[in-house]
Student: 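Okay, handing you the structure first.
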Amino acid sequence: MRTIDLYRTLWRYRFLIVGLTAALVAVTWFVTSRQQDEYEATTLVRIQQEIRDPTEAFGSLETGKRLAQVYAKIVATDAIRERVAETAGIPVDQVHLSASPVDDLDLLAITATSTDPRRAANAANAAPASLVAFIQDTGTIREQVITVSDAQVPDSPSAPRPKRNIAIALILGLILNSAFALAIAPLSDRLPDPEELESLTGYPVLATIPKLTRREARPTSGAGPSTRAPDEQPRQERPPPQKRNVRAVR
């Protein structure tokens with residue numbers, strides 16, 4: 001299919017594409033508006049081991065990187081979440097934790113998510129202490145979790161994001177609906193335009209038949225519509241016979 005044919009097909013189904021895209025955007029806006037706001041607070045910690053010999057500095061840094069990756073998995077477990085809920089005085093079902101290493105360093109970013117911004121900040125700040133308690137319980141006493149920066153109370157929700165969701169729905173709707181229009185175009189029983197038909201067959205179009213519309217018969221002036229057949233000619237009225245004077249001849 002040529003580029004011009006592609007544009008013609010999209011233009012032919014423009015109302016279908018626009019309608020389906022508008023419906024998708026409306027559904028996205030409705031679902032997003034009904035979601036509850038969520039807030040995120042992040043605290044930054046450093047995973048460090050005790051160094052007894054200066055030659056162990058490089059090895060300690062590499063170990064800290066690996067431990068940051070391991071502790072990122074541990075922070076998301078129920079064990080840490082229960083410790084954080086107990087320390088911060090937050091119900092367990094309202095604590096959601098996640099963690100990720102920072103730029104391949106021995107730094108770990110711990111993020112707490114909650115519908116209350118203060119609870120999110122309290123949970124994020126309680127996570128390092130809960131992680132330290134977990135390390136002590138496991139017996140690995142050489143590892144230290146040092147808080148680099150505390151979490152602050154967020155002033156704006158992190159989710160939902162209506163503008164971003166609507167923009168994504170608009171872009172995806174146009175792409176998917178355009179692909180749908182191109183897919184159903186060959187299944188349509190409509191003949192192509194004369195230019196397209198000539199390009200497909202290689203023969204010129206001699207004539208085209210326009211679309212005919214049926215016109216309703218207009219009523220004639222008088223008591224009612226005329227019942228005369230279309231091909232019937234109206235009868236002409238003959239003039240009355242003229243009287244002639246006849247004289248009697250004797």
Student: Starting from the C-alpha separation in whole Å, work towards a yes-or-no answer on side-chain contact (heavy atoms from CB on, under 4.5 Å) for Val145 and Ile47.
Tutor: CA-CA 5 Å; Val145 178; Ile47 310 298; 3.9 Å; yes

Student: What's the separation between atom CG in Leu108 and atom CZ in Arg46, rounded to the nearest 0.5 Å?
Tutor: 13.0 Å

Student: How many angstroms lie between CG in Leu97 and CG in Leu131, if you round to the nearest 0.5 Å?
Tutor: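 So the CG of Leu97 and the CG of Leu131 are separated by 10.5 Å.
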
Student: Does the side-chain contact (heavy atoms from CB on, under 4.5 Å) test come out yes or no for Val45 and Tyr71, once each step is laid out?
Tutor: CA-CA 11 Å; Val45 299; Tyr71 289 157; over 6 Å; no

Student: Looking at Leu24, Leu16, Ile17, which hits side-chain contact (heavy atoms from CB on, under 4.5 Å) with Leu20?
Tutor: Leu16

Student: Are Leu174 and Tyr13 in one and the same hydrophobic cluster, where Ile, Leu, Val, Met, Phe, Trp and Tyr link if side-chain heavy atoms are under 4.5 Å apart?
Tutor: no

Student: Going by the side chain to side chain donor-acceptor pair (under 3.5 Å) test, which pairs reach into residues 21-30, not counting sequence neighbours?
Tutor: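 For residues 21-30, and leaving out neighbouring residues, the side chain to side chain donor-acceptor pair (under 3.5 Å) pairs sorted by first residue read Thr21-Asn177.
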
Student: Which distance, rounded to the nearest 0.5 Å, do you find between the CD of Gln152 and the OG1 of Thr43?
Tutor: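 Nearest 0.5 Å value for the CD-OG1 distance: 9.5 Å.
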
Student: More than 12 foreign heavy atoms under 6.0 Å from CD of Glu86: is that the case here?
Tutor: no

Student: Give a yes or no on whether the backbone of Trp11 and the side-chain of Arg14 come within a donor-acceptor separation of less than 3.5 Å.
Tutor: yes

Student: What distance do Ile175 atom CD1 and Leu170 atom CG have between them, rounded to the nearest 0.5 Å?
Tutor: 9.5 Å

Student: Would you check, one step at a time, whether the test side-chain contact (heavy atoms from CB on, under 4.5 Å) holds for Ile90 with Val84?
Tutor: CA-CA 8 Å; Ile90 304 173; Val84 170; 5.8 Å; no

Student: Distance from Leu44 atom CG to Thr111 atom OG1, nearest 0.5 Å?
Tutor: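 Going from the CG atom of Leu44 to the OG1 atom of Thr111 covers 10.0 Å.
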
Student: For Ala151, is there any backbone N or O sitting under 3.5 Å from a side-chain donor or acceptor partner on Asn125?
Tutor: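 Yes: the side chain of Asn125 pairs with the backbone of Ala151.
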
Student: Between Thr77 (side chain only) and Ile74 (backbone N and O only), is there a donor and an acceptor less than 3.5 Å apart?
Tutor: yes

Student: Over all heavy atoms of both residues, which pair between Gln36 and Pro160 is shortest? Give the atoms and the distance, please.
Tutor: O-CD, 3.6 Å

Student: Is it true that atom CZ of Arg164 has more than 12 heavy atoms of other residues, nucleotides or ligands lying nearer than 6.0 Å?
Tutor: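 Yes, because the 6.0 Å sphere around CZ of Arg164 holds more than 12 heavy atoms from other groups.
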
Student: In terms of hydrophobic clusters joined by side-chain contacts under 4.5 Å, are Val132 and Val70 together?
Tutor: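 In one cluster: yes.
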
Student: Are Val148 and Leu105 in one and the same hydrophobic cluster, where Ile, Leu, Val, Met, Phe, Trp and Tyr link if side-chain heavy atoms are under 4.5 Å apart?
Tutor: yes

Student: For Glu38, does its backbone N or O pair with a side-chain atom of Ser158 as donor and acceptor, under 3.5 Å?
Tutor: yes

Student: Measure the spacing between CG of Asn165 and CD of Gln35 and express it to the nearest 0.5 Å.
Tutor: 7.0 Å

